[in-house]
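The structure appears right after this line, and notes come after that.
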Amino acid sequence: MPENKTLHDAFIEELRDAYDAEKQLTKALPKLAKKAASEELKSAFESHLKETENQVARLEEVFESIGTKASGKHCDGMAGIIEENKSMMEEDFDEPTLDACLVAGAQRVEHYEIAAYGSLIAWAKAMGHDTAVELLNQTLEEEKAADEKLTSIAEDGLNAEAAELAHPDTAGEEDAQARKPVSSQKKQTGKARVASRS
Ligand SMILES: [Fe+2]
């Protein structure tokens, strides 16, 4: 009977998966950067591309640290996310909405990678592969920072700009009313609220 595969085998499989995922991403990121209208978003994609190229090289060091030859195995998960992003980019969205969608798509990528690196690090720790832990942690931190950067780009205006195009009529008084603290809204009677809308 063949011997069962071990956690070390699973670790190598996941490393190969991550290696391929990062390589796929080096091809997808320039396309996202090209589509982005916001200069800030464009440069976020461009700088994450440089980081991603570096992450590919770093994974080669991880393979080396455990005495295994670097090789990839097609990552279906990353391919799926990239495919979804591709169809989203073909939609006829207005500019800020397309940017908001690019952020959403890129964050799916980042969260997928954060999950993958999280498990890899935990397994490497458990098996005492200290160099691998250190290297993979550097990448994990970069992925987290990239994700946070995307959140701040979206929340510092991009989403609001897109929302204004989606709801131009409600961007005025009614919205301001809805944003008022609950206590001040409560003070109004139903009648007064109707009057303030007209
Ligand atoms: Fe990455």
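None of these values were measured; they are calculated from a predicted model. Indexing begins at 1, ligand by ligand and atom by atom, following the structure's order.
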Would you say E142 and H48 are linked by a side-chain donor-acceptor pair, where the criterion is simply a distance under 3.5 Å? no
Hey, which protein N/O/S atoms does the Fe ion (ligand 1) have under 2.8 Å? E22 OE1, E22 OE2, Q55 OE1, E113 OE2, E143 OE2
Say whether E155 and N159, considering side chains only, have a donor N or O and an acceptor N or O under 3.5 Å apart. no
Under the rule for salt bridge (Lys or Arg N to Asp or Glu O under 4.0 Å), what residues qualify as partners of E110, not counting sequence neighbours? none
Any residue meeting ring-ring contact (aromatic ring centres under 6.0 Å, His included) with Y112, in chain and number order, not counting sequence neighbours: none
Using a 3.5 Å distance criterion without hydrogens, assess whether the side chain of Q107 forms a donor-acceptor pair with backbone atoms of D147. yes
ring-ring contact (aromatic ring centres under 6.0 Å, His included) against H8, all qualifying residues, sequence neighbours excluded: H129
